[in-house]
Amino acid sequence: MRNNLSNIKKCRYYLNRNECIGIPTETVYGLAANAYSHQAVSKIFKLKKRTKKNPLIVHYVNLKDLNRDCYLNNYFFKLYKKFCPGPITFILELKKNSKIAKNVTNNKNTLGVRFPRHSTTQKLLRSLSYPLAAPSANVSKKISPVSKEDVKDEFGRQIKYILEGGRSKIGIESTIISLLGKPQILRLGGIEVKQINKVLGIKLKYNKNSKKVVSPGQEKIHYSPEIPIRLNVKMSKKGEAFILIKKRKLYCKSFFYLSKNNNLKESAKNLYKTLRLIKKLNFKKIAVEKIPNKEFGQVIYDRLVRASNFK
Ligand code: TXA
Ligand code: MG
């Protein structure tokens, strides 16, 4: 490949040859491959060490392309109009004649789809003749990446190229909503459930114990820095990294603030970065203060509970 090619052309070079690349999105960085190519998609599973049973979400840049692959309904159009492009993933019914590779969906007839807001990735998608399957660009169960460096941290030289896109603005994954029948929230994320309810005029609640609709990736252990985590802690113990939502006047090296002024959205954005930093600094234990059970506090808590299931 010529070195003077533009970034987008470099991406296309690798993607067209069925390779995986790192791409920026407003939520977290993704590990992307041609969603129409079985061979390319199988590389994602291998790199991530992800079970084949856990389907991938597919990224689009326009409705026309999505309409070729999935059946769209009224719930979808309402939410699309309000939130897309943006941090929301829809589970839809896959069309029989869709070109989506069978290993994207684990042979099922449903597909997770998303319209990312990041302009560089939108530009890339516009230049391709296929959509991109892209899970978060981390090894399964580990911390999601929010910068190019984080993706390098996860995969090193195993991936050929990472598209630079700066730090992810939201820093936490998309909200997932199933639109197969009655809408159901499968994962908390970048769009608050309250906002979705407002648009749909219904009252959805996230039920993490729901056994009816399963999002295979919502495992108990996930997003983990592989360090024991204690939650709802008033004061940390010696040797623990102490994560706080709000900046306070505590002078100690092992305090990590998620936000300057108690802002939950900012805290969510800084969560993965902070966990990765704590791991790099070689702390062996983490304590976290009580997280408010509202707005983005719920997403932060959800991620920390899964991260803390590490033994
Ligand atoms: O913000 C995001 O959504 C990021 C960026 C890169 O777009 N992607 C992401 O992908 O978080 P991943 O694979 O790490 O998480 C997607 C989740 C998984 O838990 C998977 O099980 C679930 O979506 N999922 C995918 N397809 C599904 C389907 N057809 N039915 C139910 N759940 C599905
Ligand atoms: Mg993930």
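These values consider heavy atoms only, across backbone and side chains, with no hydrogens, waters or symmetry-generated copies. Atoms within each ligand, like the ligands themselves, are counted from 1 in listed order.
- Counting the atoms of ligand 1 from 1 in the order shown, those under 4.0 Å from a heavy atom of Thr27 are 1 (O), 2 (C), 4 (C), 5 (C).
- Of all the heavy atoms of Lys53, none lies under 4.0 Å from any atom of ligand 1, so neither backbone nor side chain is involved.
- Atoms of ligand 1 lying under 4.0 Å from any heavy atom of Ser174, numbered from 1 in the order shown and given with element: 1 (O), 2 (C), 3 (O).
- Here side-chain hydrogen bond (donor to acceptor under 3.5 Å, both in side chains) pairs that include residues 75-86, with residues two or more places apart or in two chains, number zero.
- Between atom 17 (C) of ligand 1 and the options Leu94, Ile176, Leu31, the minimum heavy-atom separation is to Ile176.
- When non-hydrogen atoms are compared, ligand 1 lies under 4.0 Å from the side chain of Arg114 (C-beta onward) but not from its backbone.
- Atom numbering of ligand 1 starts at 1 in the shown order; those under 4.0 Å from a heavy atom of Ser136 are 8 (N), 9 (C), 10 (O), 12 (P), 14 (O).
- The only member of Lys285, Arg230, Lys284 that meets side-chain hydrogen bond (donor to acceptor under 3.5 Å, both in side chains) when paired with Glu240 is Arg230.
- For ligand 1, the polar-atom distance check finds no N/O of Tyr29 at less than 3.5 Å from any of the ligand's N/O atoms.
- Counting only protein atoms, the N, O or S atoms lying less than 2.8 Å from the Mg ion (ligand 2) are Ser136 OG, ordered by chain and residue number.
- In terms of hydrophobic clustering, with Ile, Leu, Val, Met, Phe, Trp and Tyr side chains grouped at heavy-atom distances under 4.5 Å, Phe296 and Ile291 are assigned to a common cluster.
- Heavy atoms from both the backbone and the side chain of Thr110 come within less than 4.0 Å of ligand 1.
- Of the candidates Lys141, Lys279, Arg276, Lys48, Glu154 forms a salt bridge (Lys or Arg N to Asp or Glu O under 4.0 Å) with just one, namely Arg276.
- At least one heavy atom of Ile57 sits less than 4.0 Å from an atom of ligand 1.
- Remark: ligand 1 atoms within the under-4.0 Å shell around heavy atoms of Gly30 are 6 (C).
- The side-chain tip of Arg303 points at the ring of Tyr223 from less than 6.0 angstrom away and within 45° of straight on.
- For the pairing with Ser37, the side chain to side chain contact (heavy atoms under 4.5 Å, CB included) check across Asn18, Val104, Asn103 returns one residue only, Asn18.
- Distance alone, capped at 3.5 Å, places no donor-acceptor pair between the Arg50 side chain and the Ser140 backbone.
- Atoms of ligand 1 found under 4.0 Å from any heavy atom of Glu173, numbered from 1 in the order shown, are 1 (O), 11 (O).
- Scanning Pro55, Ala133, Gly112 for the heavy atom closest to atom 25 (C) of ligand 1 points to Pro55.
- Counting non-hydrogen atoms of neighbouring residues, nucleotides and ligands closer than 6.0 angstrom, the NZ atom of Lys43 exceeds 12 such neighbours.
- Arg12 forms no cation-pi arrangement with Tyr14, by the criterion of a distance under 6.0 Å to the ring centre and an angle within 45° of the ring axis.
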Could you go step by step and tell me if Cys11 and Leu124 meet the side chain to side chain contact (heavy atoms under 4.5 Å, CB included) rule?
CA-CA 8 Å; Cys11 292; Leu124 170 63; 3.5 Å; yes
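- Note on ring orientation: taking the six-membered ring where Trp is involved, the planes of Phe242 and Phe255 are tilted (angle from 30° to 60°).
- Proximity to Asn54 (heavy-atom distance under 4.0 Å) selects the following atoms of ligand 1: 18 (C), 20 (C), 21 (O).
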Apply ring pair (Phe, Tyr, Trp, His ring centres under 6.0 Å) to Phe283 and Phe256, showing your working.
CA-CA 12 Å; Phe283 280 92; Phe256 295 84; 5.7 Å; yes
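- When non-hydrogen atoms are compared, ligand 1 lies under 4.0 Å from neither the backbone nor the side chain of Thr105.
- Under the 4.0 angstrom criterion for non-hydrogen atoms, Arg187 is in contact with ligand 1.
- For the pair Lys99 and Tyr130, the cation-pi criterion (under 6.0 Å, within 45° of the ring axis) is not fulfilled.
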